[in-house]
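Following: one structure in structure tokens, then a few remarks.
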Protein chains: 2
Amino acid sequence: MADRAAKDALYDGFAVVGRAVASGRRAEIIDLLAQGERSVEEIAGELAQSVANTSQHLQHLLRAGLVVTRRDGNRIYYSLSSKRVSELWAAMRDVAAAHVAELERLAHAYLGDRTQLDTIDRDQLAKRLKSGDVVVLDVRPSAEYDAGHIAGALSVPIAEVGKRLRELPEGKQVVAYCRGPYCVYADEAVRVLRKRGIRAARLEDGYPEWEAARLPVSREIPSAVS
Amino acid sequence: MADRAAKDALYDGFAVVGRAVASGRRAEIIDLLAQGERSVEEIAGELAQSVANTSQHLQHLLRAGLVVTRRDGNRIYYSLSSKRVSELWAAMRDVAAAHVAELERLAHAYLGDRTQLDTIDRDQLAKRLKSGDVVVLDVRPSAEYDAGHIAGALSVPIAEVGKRLRELPEGKQVVAYCRGPYCVYADEAVRVLRKRGIRAARLEDGYPEWEAARLPVSREIPSAVS
DNA sequence: CAACTATTCAAGCGATTCATTGAACTACTC
DNA sequence: GAGTAGTTCAATGAATCGCTTGAATAGTTG
């Protein structure tokens, strides 16, 4: 057999990537960066961690090649180094969801009871978007909407959902989406709308999955609505 | 913001999968199981590790849900729990190859200089298989061939390549493949054939990638060739 | 039943790696 | 030069690592 030590070293090399995603905090960072680039400070804020600690995690991801940086002034923006990293993260999430028994319990503890909320999957939504009988709300922060969104979606950050009900055309079904299958914003939006008597559903996953499936996206930023 | 502790716990749940693949030895196991199920003893042999130690790694993968077991007599067979695990492994490998600087050096140390060997990619090979002007050799152990192989391929385990040259029809190009992009068998086969003056190429990746791309496969075991 | 095979389990090993902190340092802007 | 953003460093204790050894267990065979 060929050199055992060399083979072990090669596979240890692959494992470097594994080790990079073997931390909950780093998984959160990847999930966040799947929405678009972020500065260190923004990431630290989102994770509720110190900047120093966040920077360490980012360095770890950088060494493993999962992220790249861009400097703009004295701010450094991190983003995923390729689409393949998104796919890696999606695969990891799916495998965990399918096979880690505990995950269901953890998801329930974080997201609450989702079973009462209507959902719609990517392909169904794509079909209904074509026929035009649906209003799609992007309830992520507006910066994420600006970096890319489902074609035809309106940007209504979660905090504004309650206040902007009158903008919704009547008679159309409302679908809300956010960052991914484990993002709370869309759930919250659907609950708010439901309480006001508006029939709404949540897209089963989020924008990155929509984009990965090559469904129609847009990067246009519409001028402010009145 | 929603419960930070619950969110952290959820992402730590995802990280369980990351931790499972954060070991070179476990990566080797996954790579091996991508070819089909194996008993503990077989896996231990392939890794050149003790059975007890291998069993521990397998338990780790089992807890993370990446593998499942099947009992047959007093032997226990492990296999990947779903296709998604294969995809996770493929994504991990690709990300490492693209971004971990050291990986190229490690691969060279294990595989030697590959640059002199002709290669062919999946789609090219699929095209040439249709037109029938190519002989495809599966140089993996025959048990792996039996578990599934490229439709039309001959099983010629690497150890036999040198002895079975006369079986090759003249005038056709020979393509050898094995377990994946980092498997040495196909390289070795091409080198042997080249030395005998037979023009041969190596498939860039291996059987699992072929199958994942939904290219034609077969599970038929041809009766022994004279 | 006893002997045997395949696998798992429990305990223990040293070594490494972990996440996190505050303070010092670098790089850039105004 | 003051201020801001980020990295780096040193240091912390805690946790986890991979692996070994030897005993326990499940299933098969004579």
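Order of the sequence lines sets the chain letters (A, B, ...), proteins ahead of strands, with each chain counted from 1.
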For the pair made of [atom1] in [X] and [atom2] in [N], what is the distance, rounded to whole Å?
X	N	atom1	atom2	value
A/Glu41	C/dC28	CD	P	18 Å
B/Arg19	C/dA19	CZ	C1'	12 Å
A/Ile43	D/dA5	CD1	P	14 Å
A/Leu58	C/dA19	CG	C1'	14 Å
A/Arg4	D/dC19	CZ	C1'	15 Å
B/Leu61	C/dT8	CG	C1'	15 Å
A/Arg25	C/dT20	CZ	P	7 Å
B/Ile76	D/dT25	CD1	C1'	11 Å

Between A/Asn74 and B/Val40, which residue's closest nucleotide on DNA chain C lies nearer the 5′ terminus?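 Nearer the 5' end of the strand: B/Val40.
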
Look only at the side chain of B/Arg202 and the backbone of B/Tyr177, and say whether a donor-acceptor pair between them is shorter than 3.5 Å.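 Looks like no, no N/O pair under 3.5 Å.
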
Kindly point out which of [options] is positioned nearest to the side chain of [X]?
X	options	answer
B/His60	D/dC17, D/dG6, C/dT8	D/dC17
B/Ala52	C/dT7, D/dG6, C/dC9	C/dC9
B/Gln59	D/dG6, C/dT20, C/dC9	C/dC9
B/Arg71	D/dA5, C/dC28, D/dG27	D/dG27

For [N] and [X] - does any side-chain N or O of the residue sit under 4.0 Å from the phosphate oxygens OP1/OP2?
X	N	result
A/Arg26	C/dA19	yes
B/His57	D/dC17	no
A/Ser23	C/dC18	no
A/Ser55	D/dG6	no

Assess whether one donor atom and one acceptor atom, taken from the side chain of B/Asn53 and the base of D/dT20, lie less than 3.5 Å apart.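 No, the side chain and the base share no sub-3.5 Å donor-acceptor pair.
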
Please evaluate the base of D/dT20 for a donor-acceptor partner in the side chain of B/Gln56 within a cut-off of under 3.5 Å?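 Indeed, a donor on one side and an acceptor on the other fall under 3.5 Å apart.
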
Report which part of the nucleic acid A/Val51 touches: base, sugar-phosphate, or nothing (heavy-atom distance under 4.0 Å, all strands).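 If one applies the 4.0 Å heavy-atom cut-off, A/Val51 turns out to touch a base.
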
Under 4.0 Å, heavy atoms only, any strand: does B/Tyr78 hit a base, just the sugar-phosphate, or nothing?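 Contact class for B/Tyr78: sugar-phosphate only.
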
Does B/Gln59 CD have over 12 foreign heavy atoms under 6.0 Å away? yes

Take the angle between the ring planes of A/Trp89 and B/Tyr11 and call it parallel below 30°, perpendicular above 60°, tilted in between. parallel

Just one of A/Val85, A/Leu33, A/Val68, A/Ile30 clears the side-chain contact (heavy atoms from CB on, under 4.5 Å) bar with A/Leu61, so which one?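 With A/Leu61 as partner, A/Val85, A/Leu33, A/Val68, A/Ile30 yield a single side-chain contact (heavy atoms from CB on, under 4.5 Å), made by A/Ile30.
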
Below 4.0 angstrom, N of the basic side chain to O of the carboxylate: do A/Glu28 and B/Arg4 qualify?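 Looking at A/Glu28 and B/Arg4, the cut-off is met.
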
Can you find a side-chain donor-acceptor pair between B/Gln49 and B/Arg25 that sits under 3.5 Å? no

